[in-house]
Every structure is written in structure tokens, then in C-alpha cells.
Amino acid sequence: MDRYLMPGKLTGMSTVSLEVRIGDLFLKNPLIAASGTYGPDSFELIPPSLFGAVCTKAVTLNPVEGNKPPRLFEVKGGLINRIGLQNPGVNQFIGDIYPRYCQYDTPVIINVAGFAVNEYLKVLKILEENIKDSVIYELNISCPNVEKGGMAIAQHLPSLKRLLTKAREITNKPLWVKLPPQGDLNKLLKVSEETLVEAVVIANTYRALVIDKETGEIYIGGLSGPAIKHLTLNLVNQARQLTPLPIIGCGGVGDLESLMQYLKLGARAVQLGTSLFSNPDTPSTIISELTNFLNTKNLNSLHDYLHPPGSFKVIDKREKGVGNLQLGSQKSIKGRVFNARNIIRVKEIKSDEDS
Amino acid sequence: MIVYKKASILENTPVGENIFHLSLEFSGWALPGQFYLLKLPFQEPLLARPFSVFELGERSIEFLYQVKGVGTNLLSTMVKREILTLTGPLGNGWPLPEPEKKLALIGGGIGLASLNMLTREINSKNNSKVDLYLGFSKKPFMLESFSKITHRIVVSSEEKNEPFLQGKITEFINPADYDAIYACGPRPMFKALRSMIKNEGNKYNKPIDLLVSLEEKMACGLGSCWGCVVKVKGEYKRVCHDGPVFNAWEVDWDEYS
Ligand SMILES: Cc1cc2nc3c(=O)[nH]c(=O)nc-3n(C[C@H](O)[C@H](O)[C@H](O)COP(=O)(O)OP(=O)(O)OC[C@H]3O[C@@H](n4cnc5c(N)ncnc54)[C@H](O)[C@@H]3O)c2cc1C
Ligand SMILES: Cc1cc2nc3c(=O)[nH]c(=O)nc-3n(C[C@H](O)[C@H](O)[C@H](O)COP(=O)(O)O)c2cc1C
Ligand code: FES
């Protein structure tokens, strides 16, 4: 059995491909560990190999101290966090943190954040100069709990446009934008399309307020977990009508049902965060349940379930990252090299020439 | 190795006012001062809660907990054979003192849970001299268990509780007698200890080490979310991963109030 396609736990079961395609890259399954909720210190308990890809915690240009505690508030159905982007800065990320991801085959998504457009761009340049592997960049323009940058950039469309345009000039690697759940979705998607990002992640945490029971202090943070699932499902559904860009759903995924709901609404993959806290077995459970489900349907792949033969739909847009949906192209891509990228690029160019 | 595993309740009984002794069927491991996250089998609370390992048997693990809020309230109603899920062991735990050092262990209230395995470990393996100080606001609990592993215990209660000393436990310690003090308890207790020890060496004019086990709310418990931080030497450190045991002289206490 292909180790890359199936988590070790499932050895013995019949092989079903859970592969999904996002833009022009293939992930071995539709689960992605969400930024800030997972990292090298989780690997021992939740191995990266369970996921289609894993996202790093936000990386900024300079070290960020983060917010003064308290940083976590459990509320009904969710968690409000106000970490404040604490991280040691891009240089230490490259030296100390990134190498810990390199010991695994799983594709790495680097979540890039900043307090001004230029900071994001500098981070990208430094990453480009130092990391030669095929990584994916996720631009986090949606952190609700820092005062500058983050969501502020998403609220100022010219800044966002400049950020995405320049970012595209800096790198050829897949560029994803993680959109805020609050804001003009249509405009955010249009800017993302125009600037040729490969995919949009919908969405981040929801800006929320909590009053500390003990002190009476008021805190603002980001709400995540089951409480936000139906809000984000709604955003994904709206976005699906508004853009041909591949969508990655993120908010409240904790079981097979929620994964399938996102996929049904047109998301190509999902990210999960808070459910990794409440149950570290979430990814392995979803993967084994999904495999079982497809087995009982006598299907060989998730793709066949989502796009049964005959339902082939062409999303005909010529921007980069919006290739034709390919039926039956089950490329199993091993290691860190996304061969599929080249294959599909060629196809895209062809279809351009055709017209 | 950190595991995430189901465990069935063997016993969950009150041992004091709002204090419960929880014993689970579980083959695991832990160093003194390490903790596990306990997840209840319900949707709420969403997150697991951290508890120090009180005792470890071949096929069992024990915790002592105080009923505080949603999670511990629910936990206190659970009965034999119900299932919890444990993640751990987590955190750094207490360092074993160097041999021949004179050590005071101070437990304030439920904080004593973290000192049980340590006391036993030191008394059985290490030839440092250890005195145990346990302070309670109300009626003392679990003393029988401690008296099996050490004879050197000082117990106080803020209420009048014969035959125990009356007052805060910090009133009955002479820090100068010790090379190191390990403490686990409420924040005001740490404050009292720091002000007693500050700038003073022990009777051999050596500085006194003060190690404390800190508590913060947690989400991942693994070190990935950076939610459980305290400021140590000017930097936010994770209680779950870099702690819970910290050198008290390095903690920024103005932040940790
Ligand atoms: C490393 C570590 C070891 C611990 N060991 C023990 C132990 O052995 N026995 C024991 O009784 N308690 C222990 N605690 C504290 C225990 O985790 C909390 O009392 C518990 O999480 C409260 O949960 P709850 O749902 O009942 O309270 P909630 O409803 O969540 O909150 C009620 C109150 O408890 C406080 N609280 C919530 N979570 C924590 C927390 N993680 N630490 C401190 N206070 C908190 C809240 O601020 C609030 O005041 C430990 C905490 C840590 C960090
Ligand atoms: C503790 C915590 C830290 C987070 N840090 C980041 C971050 O650094 N960058 C980011 O883009 N999103 C961050 N997020 C948001 C998550 O990646 C995710 O978008 C959000 O939690 C919603 O998904 P969930 O409901 O599955 O948790 C964080 C979330 C939590 C709970
Ligand atoms: S609880 Fe997540 S870092 Fe400590």
C-alpha cells in the first residue's frame, strides 16, 4: 500500500484514493492542519502524515511578543483566542522551526502575516531566498486580534491588491489567501482572482468579545470551533457562486460530516484547528471513516464520489490556478515535489492556445 | 511518549470539601510534576482540562481535583466505568534535587497533588532531605496518603482544625533551613514565599532555589497554540511545554498576578 496515500493506522483496508486537487497541486487527502493550532510540538501525538498538508503558525518579519495573557477563553461551542501572533520572526522560523517540518513528506503551508504590506513582502522574499522546497504560502490577512495589519489589510482593498500583486511577483510557488469572515466577500474574491492567487482559504476566526468572569475585563479575540461552522459554510457557499478559485473551507471541522458538508458546497479541502485540541484523533478518525464510507459505496476515490462520471463540469476561466477539473487524474505525488504542477501548467497553456 | 487514550473510571470519590480523588484504569507513565489533559465524554466543555498526576500504579492513574467550574463540576458527577480520554504525560515536571540537598516541598490546597509522586520518589531514590509543608484554607485532606511516604510533614489550616497548626503554611517555614524550595499552590502563596526568601541566602549563605509549578488555561497542551503563556526572563513561555515548573526568580510576577 502506498504509505503516502494512506495513514499507517489503516493498513489492511482496501486502498481508496482520498486525493484532492487545489489549483495545480494534489494533496493526498482533503485535511489540512490549520495555522496556529498545530506545530512541531504536536507531531509526536498527531503526525503530519495524517494530513494532506500542514500549515505553520503565522510567521512575521520580526519577532512578535504576543498579547499579555489571558489568551484563551472557552465559550459555548467554541474557543476565543487572542494569542496576538506570537512568533520568533522569519529568520528563526527558517533556522529552527521549518527544519522540523522537513523530516516529513507532508506538504508544508507557511502562514505569512505582517503589520504592513511591506512586511508581508519582506517575509516572502526571505522565505523564497532560504527555502528551496516546494512549499505553499498562505497569506494571513485575517488575524482578528492584532491592532494593525492582519484584518486591516483586508479592509483596505488597494493595500490588499498591492500585497497580492507584489507577492505574485516574488514567488512562483502556490499562493493562497486566508480571507477574513467579515468584510466584502465579493470584493475580496475579485482582488484574489485578479492577482492570480491559486486558492482562497475561507475563513479565519470571527472577531468576538468575551468578558472575563473573574475580573470583569473585556477582551476581543477570534472565535473558532463548532460555533462558527454554519457561518463559514454559508461563506463558502457564497464564495462558490462568486469565484472559480479553488476554495479551502476552514471553521468548525471536527468530523466526517462537517468535511462532507464543506466538500458538498464546493470546497476542495478543509482546514481544522480547534478540533485538534478537543480531540487529537480527529484527523485519523475522519480519514478512516471517509475511507470506510467510500468502500461501502464501492468507490475507488473521493474524486469519483464528488464528481461521479457524467457530472464533469468545466470551470472555464483562464487565470492561473483555475485549471479544468480533471476527471480520473489520480496522480499520487510522493514527497515534496508536486509533479502535477507541471503537468497541469502545460494543460492550461494548451487550453489558452486553443482559444 | 505522549499518548491520547481512553480510560475508565475506577473510583471518583470526595476526599474533602469540593475535593475529589479520581482513579482511572490506565497503563501510562509520568514524571513527578507532569500532568495529563482530561477530556470528558461530552460536547461541553469543548476542551480538555489539565491535572497533575497524583499517583501512578501499574494499571492505574490517580488525580486529585477541586471542583471549580463547568468541567470539574461535571467530572465530580461521573461514576465508575464511565470513560474519560487522557492526553499525556505533558510538561517538564519537577527536577530531582541534587543528593544531600535540603529541600522543602510546599503544597497549598489542591497544589499538593503535584507533590505526592515527588515526595515518594525523593524518599525512595534520592538521599536529599525533604520536608513537606501542606497548607489548607479549610479542613486538611489526603494526609493519610502522604503520611505513608514521609514522616516529615507540617500541616496547617487557616480555620481552626485541631490538631493542626492554625494559619497560612508560609508562616511555619524557615526558608533559611533549605537549599531549595519547590512550591505548588495559589498565586498569593508564591508571593508570600518570594517576599520571605528574596535576597536572603540560606543559613550557609547560599542562594535558595525556588521552583514553582504554575497554572494557566490550556487548549492544545502540547506547546503549539501558545495560549497558556507566562512571562519568564522577558519572554512568553508555554506552561504546558516549557513548564509547568519554572524557576521563580525568572518569572515576571508583575504580569502573573
Ligand atoms: C499544569 C496544571 C496542573 C493542574 N493540576 C491540577 C490538579 O492536580 N488538581 C486540580 O484540581 N486542578 C489542577 N489544575 C487546575 C485545573 O486545570 C482547573 O481548575 C480546571 O481546568 C478548571 O476547569 P473547570 O472546567 O472546572 O473550570 P472553568 O469553568 O473552566 O473555570 C473555573 C475557574 O477555574 C479557572 N481555571 C480554568 N482552567 C484553569 C487552569 N488550567 N488552571 C488554573 N485555573 C483554571 C478559571 O479561570 C475559573 O476561575 C491544574 C492546572 C494546570 C495548568
Ligand atoms: C489558538 C489559535 C491560534 C491561531 N493562530 C492563527 C495564526 O497564527 N494564523 C492564522 O491564519 N490563523 C490562526 N488561527 C485560526 C485557525 O487557523 C483557523 O482559521 C480557525 O481556528 C478556524 O478553524 P477551526 O474552527 O477549525 O478552529 C488560530 C486559531 C487558534 C484557535
Ligand atoms: S496549551 Fe497550547 S501551547 Fe500550551
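Protein chains get the first letters and strands the later ones, always in sequence-line order, with residue 1 at the start of each.
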Requested in this report: With a 4.5 angstrom heavy-atom cut-off, could you sort out which part of S42(A) is near chain B: side chain, backbone, both or neither?
Outcome: both
Query - Test item: Y236(B) and N67(A) side chains (from C-beta on) under 4.5 Å apart, heavy atoms - result: no
Query raised in the report: From I46(A) CD1 over to S224(B) OG, what is the distance, rounded to the nearest 0.5 angstrom?
Result: 7.5 Å
Query raised in the report: Is it the side chain or the backbone of P70(A) that comes within 4.5 Å of chain B heavy atoms, both, or neither?
Result: neither
Requested in this report: To the nearest 0.5 angstrom, please state how far the CG atom of L46(B) sits from the CD atom of E74(A).
Outcome: 5.0 Å
Query - Euclidean distance, D41(A) CG relative to D242(B) CG, rounded to 0.5 Å - result: 8.5 Å
Report summary line: Heavy atoms of S278(A) and Y4(B) approach each other most closely as O-OH, 4.2 Å
Report summary line: Applying a strict 4.5 Å limit to non-hydrogen atoms, the region of K217(B) in contact with chain A is both
Requested in this report: Calculate, to the nearest 0.5 Å, the distance between atoms SG and CG belonging to C225(B) and L72(A) respectively.
Outcome: 5.0 Å
Report summary line: In terms of heavy-atom contacts, L47(B) and F277(A) come closest through CD2-CB, 3.7 Å
Report task. Under 4.5 Å heavy-atom distance to chain A, tell me which part of T87(B) shows up: side chain, backbone, both or neither. Result -> side chain
Query raised in the report: Do R238(B) and Q86(A) come close enough that some side-chain heavy atom pair is under 4.5 Å?
Result: no
Query raised in the report: N279(A) versus chain B, heavy atoms under 4.5 Å apart: side chain, backbone, both or neither?
Result: both
Query raised in the report: Any idea which heavy atoms bring E255(B) and P69(A) closest together, and the distance?
Result: OE1-CD, 3.8 Å
Query raised in the report: Quick one: what part of M1(B) sits under 4.5 Å from any heavy atom of chain A, side chain, backbone, both or neither?
Result: both
Requested in this report: Any chance you could measure I2(B), atom CD1, to F43(A), atom CZ, to the nearest 0.5 Å?
Outcome: 13.0 Å
Query - 4.5 Å side-chain heavy-atom contact, K68(A) and K231(B) - result: no
Query raised in the report: Does W226(B) offer a backbone N or O that forms a donor-acceptor pair with the side chain of R71(A) under 3.5 Å?
Result: yes
Query raised in the report: Is the number of heavy atoms from other residues, nucleotides or ligands under 6.0 Å of E17(B) CD greater than 12?
Result: no
